[in-house]
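In what follows, a single structure is set out as structure tokens and then discussed.
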Protein chains: 2
Amino acid sequence: MARAGLTPQRLTQAGAELADEVGFEHVTVSALARHFDVKVASLYSHVKSSHDLKTRIALLALEEMADRAAQALAGRSGKDALAAFAEVYRGYAREHPGRYAAAQLRLDPETAAAGAGVRHSQMTRAILRGYDLAEPAQTHAVRLLGSVFHGYVSLELSGGFSHSAPDSSVSWARIIDALDALLRTWPDEPDREERKA
Amino acid sequence: MARAGLTPQRLTQAGAELADEVGFEHVTVSALARHFDVKVASLYSHVKSSHDLKTRIALLALEEMADRAAQALAGRSGKDALAAFAEVYRGYAREHPGRYAAAQLRLDPETAAAGAGVRHSQMTRAILRGYDLAEPAQTHAVRLLGSVFHGYVSLELSGGFSHSAPDSSVSWARIIDALDALLRTWPDEPDREERKA
DNA sequence: TAAGTTGCCTAAAACCTGTAGGCAAATGAA
DNA sequence: TTCATTTGCCTACAGGTTTTAGGCAACTTA
């Protein structure tokens, strides 16, 4: 009986492709076994569990995104860097919706720390070097950028902006413009006692 | 044999509570049957399918959020309205993480149109009445606000901001400040040809 | 109180996860 | 080459979830 040549890597890769085709929530050990024309139990020699498989796909996606982002950021700064990073982020999600959904999987802390998630926040910080932001404003800005990118893309993917003008790509571009302007003029902390009216 | 008194409403309510306790992804028809101490098949008289149940929970969550937001917005405008809306959004998600996850369920278009999702975007638009934004900037801003709120809350819920200073609540407040400033000075469309260097 | 309706039941099929143990193919050493 | 070991995929099975079909008992109403 010929062997299928399964490895954790091939399973992860095939799982990622499957996720993009049918949605991450439909990625199952059984479906993957069907894809390799192999019995379900066989996969459990290569992957600990369904959760393990999903985690591997998530880590793959995070790494791919980080690689693309690093590419895009090389040699750019300021608004150019911001726009390039944004483009990568949105592009990856549209190109690989299943992988993008996988990247949203909640990982346990040690797994997350070992993965490429940290590279992401470092790159976001790198973008902000083009702007003049001291701590703690810089951290607030990192969180804002992460929120906008993730929020926009995930709303777009779930169909929130379709069937309504203006086109989503236009809003995206204008939002980058707005974020750039905001980062250049990040407001000081308002005095929360005085300004009541 | 005493009857359990099941109705779609009670199932939806219990399902929402279960979601907050164990996570939306673990809300299952079986689990709900156990909760009511009833056989699984019995639920299918009240709910068409597992997906139907989840959809009902999602619609309940959207409605609850819209109700709270409408309350919070009454009598406020400008930054007050913005901050109140943001507080409701984040508060609901923290108070009811399972319901909030449910609200993120991708609904088919007609279901979404019938639900309270539209009330949300109308309210976001209402907030912007306190700022001087003409179309299409207003739509861009609506999308930005939605993205920030959703993105921030969902990153926070998945643990992105925990274990790192400054406290998440501080960033949230400062991001509201920043959004307020941004909306008051929303940038004109830059001339994309000229500014290359 | 009989008729009709409703509500929860048993039964069963289909599918997914996960474990245990077995046989055959690949590997490597004598 | 052959024999032992390891590795890879298999069968078998146990348990869980979804969903449909059909039945009986409990409410409702006339």
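Close to C:dT6, at under 4.0 Å from its OP1 or OP2, lies no side-chain N or O of B:Ser45. A close approach under 4.0 Å does occur between a side-chain nitrogen or oxygen of A:Ser30 and OP1 or OP2 of C:dT17. In this structure, A:Ser42 reaches the D:dC10 phosphate: one of its side-chain N or O atoms is under 4.0 Å from OP1 or OP2. Between B:Arg34 and D:dG16 there is no side-chain polar atom (N or O) within less than 4.0 angstrom of OP1 or OP2. The phosphate of D:dC9 (OP1 or OP2) has a side-chain N or O of A:His46 nearer than 4.0 angstrom.
Residues A:Ser49 and A:Asp52 bring no donor and acceptor atom of their side chains to less than 3.5 Å of each other. Using modelled atom types, one finds a donor on one side chain and an acceptor on the other under 3.5 Å when comparing B:Ser154 with A:His150.
Rounded to a whole Å, the CG atom of B:Leu6 is 17 Å from the P atom of D:dA26. Rounded to whole Å, atom P of C:dT17 lies 13 Å from atom NE2 of A:His51. In this structure, B:Asp52 places its CG atom 16 Å from C1' of D:dT20, rounding to the nearest Å. As a whole-Å value, the separation of B:Tyr44 OH from D:dG22 P is 18 Å. In this structure, B:Gln9 atom CD and C:dG7 atom P are separated by 12 Å, rounded to whole Å. Regarding A:Lys54, its NZ atom lies at a distance of 12 Å from the P atom of C:dC16, rounded to whole Å. Atom NZ of B:Lys39 and atom C1' of D:dG23 are 16 Å apart (whole Å).
Taking the six-membered ring where the residue is Trp, A:Phe149 and A:Tyr89 present tilted rings, their angle falling between 30° and 60°.
Comparing atom distances between the A:Ser50 side chain and each of C:dC16, D:dC10, C:dG18 picks out C:dG18 as nearest. When distances are taken from the side chain of A:Val29 to each of D:dT19, D:dC10, C:dT17, the shortest belongs to C:dT17.
Using a 4.0 Å heavy-atom distance criterion, A:Leu43 is classed as making no nucleic acid contact. Heavy atoms of B:Ala41 sit under 4.0 angstrom from at least one base atom.
Across B:Leu60 and B:Ala16, no two heavy atoms sit closer than the pair CD2-CB, 3.7 Å.
Centroid-to-centroid, the aromatic rings of B:His96 and B:Tyr100 stay 6.0 Å apart or farther.
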